[in-house]
Engineer: 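Sharing a structure here in C-alpha cells format.
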Amino acid sequence: KMSDPVYALATPLGRSAVAIIRVSGSFLPEELVGALAIKNESRGVFIRRLSLGSFSDSCLVLNFPSPGSYTGEHLIEIHTHGSPAIIAELFSFLETMGVREAARGEFSKRAFLNGKVDLSAAESVMAGVFAESSAELAALEEFRSGALGGKVKKLSKKIESLLVEVESQLDFSDEEDVALISVSDVSSKLSLLAKSAQSLIKNYAPLRKDSLKKRVVLSGEPNVGKSSLFNALLEEKVAIVSETPGTTRDVVRKSLFLSGIEVTVEDTAGIREIKYSQVEAEGIEMAKEAASSADLCVEVYEDPQKLTKLNSSSLVVLNKVDLLSGLGDVCNVVAVSAKTGEGLGKLRHEILKRVQTPVKQSLVSERIYIKLGSVCALLECGAIGSDFFESTAQKLRDSLEELESIYGVFDNEVVLDQIFNNFCIGK
Ligand code: GDP
C-alpha cells in the first residue's frame with residue numbers, strides 16, 4: 001500500500017550535529033500531528049520540544065502539507081540533535097503510532113507515482129548522491145540538469161512527426177491520387193533519425209558504480225617508511241610503524257579523498273629477498289599482487305643511492321629526507337619526510353595528477369543508456385518488404401515507447417521496484 005505513513009532517516013547513521021527524519025503519508029497519525037503541534041499549521045518551519053518518554057529534545061519541524069511536498073503526500077521533516085539514542089527513541093515512537101520504516105527509494109517512488117518527478121529526474125538525483133568525485137559530477141551535469149531530457153524530447157518530436165506522415169500515408173493508401181510521402185522520402189528521413197539517435201548516444205556512457213575509485217599501492221623494501229607514509233597521507237594512525245623490518249604483512253587499506261576523487265591507499269609488506277617466516281612470504285606475495293593490479297604504484301625508497309639507475313613507471317618517492325643533507329635535485333622523484341610532513345602536499349598532488357583520468361563522455365544511468373541504444377537499433381535497421389509503411393510505423397511507435405519509458409510513461413511495478421531499490425534509504 002503506497003500511501004500508509006512511512007519514516008526514514010535522511011542523514012547518515014551515526015553521531016552528528018543534526019539528524020533528519022522524514023515522515024510521509026497520505027495521512028499522518030493524529031498522535032504525531034498532536035505531539036508536533038502542527039494540526040492546523042501550513043507549510044513552514046516550527047521549533048518544537050518533542051517529548052520522547054523519559055526525555056525530550058528540541059527539534060525543528062518542517063511541515064509540507066499535501067500536495068506541496070517532495071512525495072506529493074503530507075510530509076514532515078523532523079530535525080533532531082544527532083544522537084543515535086534520540087534517533088532510536090524517535091523511531092520507536094513512530095513505530096508505536098503505526099508509522100513503518102520506508103523501503104529503499106520509497107519516498108522517490110511515491111513522488112514518481114504522484115506525478116511529482118519523472119523517472120529520469122528521480123534517477124539523476126540519485127546519481128548525484130552516489131557520485132564519487134567532482135569529475136563524475138561534471139560528467140553527470142547534462143543528466144542532472146535536464147539537458148539530456150531536452151535532447152531526448154527533441155528526438156521524440158522528430159520521430160512523432162515522421163510517424164504522423166507515415167500513418168497518414170497508411171490511412172490514405174487506398175486513394176490512388178493521394179501520394180503523401182514516397183518510400184525513398186521515408187527511408188531518408190528514417191536514416192536521418194537514426195543519425196540523430198547515434199549522435200545522441202555517442203556522447204554518453206553508462207554510469208557504473210566504482211567507475212572512478214582509484215587504488216594506490218605503497219611498495220618498497222622493509223623499513224623505508226611505507227607505513228609511516230601511509231599514516232601521514234591519511235592523517236591518521238592506521239598502520240603499525242616499527243623499527244623492526246617486516247612488520248606489515250597484510251595489505252592495510254583506507255580511503256581518502258583528493259579533490260573529490262576517492263583514492264584507496266594500500267600499505268603492503270616490504271619486499272625483500274630473505275623472508276623470515278611463511279607469513280611474511282605470503283605478505284610479500286600479496287604486496288606484489290596489489291602493486292601489479294593497482295591504478296598507481298608508489299615506490300618508496302630511503303636510500304638516494306638506489307634512485308640513480310631507476311627506470312620506473314611508478315611514482316618514485318624518497319622518504320626520510322629529514323635525515324639527509326645536501327640532497328641535490330633528484331629528477332622525477334618526490335622527496336618527502338613522513339616524520340616532518342615535508343613534501344606530503346607535493347606527493348598528494350602527484351598522486352592526484354596520475355590517477356585522474358579525464359572523463360570524456362557524459363554519464364547517464366545504465367537503464368537510460370540501454371533505452372537509447374535500443375532506439376538506435378530500431379531506427380538503424382530500415383524497413384523492408386511490401387508493408388514498408390506499416391513496418392516503418394511500427395518501428396517509430398516502438399522507438400517512441402522506448403523514449404517515453406525513460407521518463408516512466410508506463411506502469412510496471414516490477415520495473416519500478418528494480419529502479420527504486422537502487423536508491424538509498426530515506427530518498
Ligand atoms: P615500513 O616498514 O616501510 O612500513 O616502514 P615504517 O613506516 O614502519 O618505518 C620504519 C622506521 O622508519 C620507523 O622507525 C619510522 O619511525 C622510521 N621513519 C619512517 N619515516 C620516517 C621519516 O620520514 N623520517 C625519519 N627520520 N624516520 C622515519
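Just so you know, ligand 1 is whichever comes first in the structure, and atom 1 is the first atom listed for that ligand.
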Engineer: Answer yes if the side chains of Glu299 and Ser219 hold a donor-acceptor pair under 3.5 Å, and no otherwise.
Structural biologist: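 The criterion, which ignores hydrogens and geometry beyond distance, is not satisfied for Ser219 and Glu299.
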
Engineer: Within 45 degrees of the ring normal and closer than 6.0 Å to the centroid, is that where the cationic atom of Lys153 sits relative to Tyr407?
Structural biologist: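 Yes; both conditions hold, so Lys153 lies above the ring face of Tyr407.
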
Engineer: Using a 4.0 Å cutoff against the non-hydrogen atoms of Leu323, which atoms of ligand 1 qualify?
Structural biologist: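 Counting atoms of ligand 1 from 1, those under 4.0 Å from Leu323 are 26 (N).
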
Engineer: Which option, Leu324, Leu318, Asp322, owns the non-hydrogen atom nearest atom 26 (N) of ligand 1?
Structural biologist: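 Ranked by closest heavy atom to atom 26 (N) of ligand 1, first place is Asp322.
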
Engineer: Who's the nearest protein heavy-atom neighbour of atom 15 (C) of ligand 1, and how far?
Structural biologist: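 Here the closest protein heavy atom is Val241 CG1, 3.6 Å.
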
Engineer: I'd like to check which ligand 1 atoms, numbered from 1 as shown, lie under 4.0 Å from a non-hydrogen atom of Ser227.
Structural biologist: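 It comes down to these atoms of ligand 1: 1 (P), 4 (O), 7 (O).
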
Engineer: Looking at every heavy atom in both Val224 and Asn319, which two are closest together, and how far apart are they?
Structural biologist: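 Answer, listing the atom of Val224 first, then Asn319: O-ND2, 2.9 Å.
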
Engineer: Nearest protein heavy-atom contact for atom 27 (N) of ligand 1: which residue, which atom, what distance?
Structural biologist: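 The protein heavy atom lying closest is Lys320 CD, 3.9 Å.
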
Engineer: Whether Arg22 engages the ring of Phe107 as a cation-pi pair (distance to the six-membered ring centre under 6.0 angstrom, angle to the ring normal within 45°) should be assessed.
Structural biologist: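 The answer is yes; both the distance and angle limits are met.
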
Engineer: Would the distance check show the side chain of Lys116 and the main-chain N or O of Pro67 forming a donor-acceptor pair, the cut-off being under 3.5 Å?
Structural biologist: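 Judged by distance alone, yes, a pair lies under 3.5 Å.
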
Engineer: Quick one: does ligand 1 sit under 4.0 Å from the side chain of Asn319, the backbone, both or neither, non-hydrogen atoms only?
Structural biologist: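 For Asn319, the contact with ligand 1 is made by the side chain alone.
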
Engineer: Among all protein heavy atoms in this structure, tell me which lies nearest to atom 23 (O) of ligand 1, with the distance rounded to 0.1 Å.
Structural biologist: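 Protein heavy atom with the smallest distance to atom 23 (O) of ligand 1: Ala338 N, 2.9 Å.
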
Engineer: Short list, please: which atoms of ligand 1 are under 4.0 Å from a heavy atom of Ser228?
Structural biologist: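 Selected atoms, number and element: 6 (P), 7 (O), 9 (O), 15 (C), 19 (C), 20 (N).
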
Engineer: Atoms of ligand 1 less than 4.0 Å from Val224 heavy atoms?
Structural biologist: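 In order of number, 3 (O).
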
Engineer: Of the protein's non-hydrogen atoms, which lies at the shortest distance from atom 2 (O) of ligand 1, and what is that distance?
Structural biologist: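 Looking only at protein heavy atoms, the one closest to atom 2 (O) of ligand 1 is Asn223 N, 2.9 Å.
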
Engineer: What's the shortest heavy-atom distance between Leu403 and Ser156, and which atoms?
Structural biologist: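 In this case the closest contact between Leu403 and Ser156 is CD1-OG, 3.4 Å.
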
Engineer: How far is atom 14 (O) of ligand 1 from its nearest protein heavy atom, and which residue and atom name does that atom have?
Structural biologist: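 Looking at atom 14 (O) of ligand 1, the protein heavy atom closest to it is Glu243 CG, 3.2 Å.
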
Engineer: Looking only at side chains, do Ser362 and Asn203 share a donor and an acceptor under 3.5 Å apart?
Structural biologist: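 Short answer, no.
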
Engineer: Number the atoms of ligand 1 from 1 as they appear, then name those within less than 4.0 Å of a heavy atom of Lys226, with their elements.
Structural biologist: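 Result: 1 (P), 2 (O), 3 (O), 4 (O), 5 (O), 7 (O).
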
Engineer: Between Arg48 and Glu41, does at least one N-O distance fall below 4.0 Å, as a salt bridge requires?
Structural biologist: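 A salt bridge links Arg48 with Glu41.
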
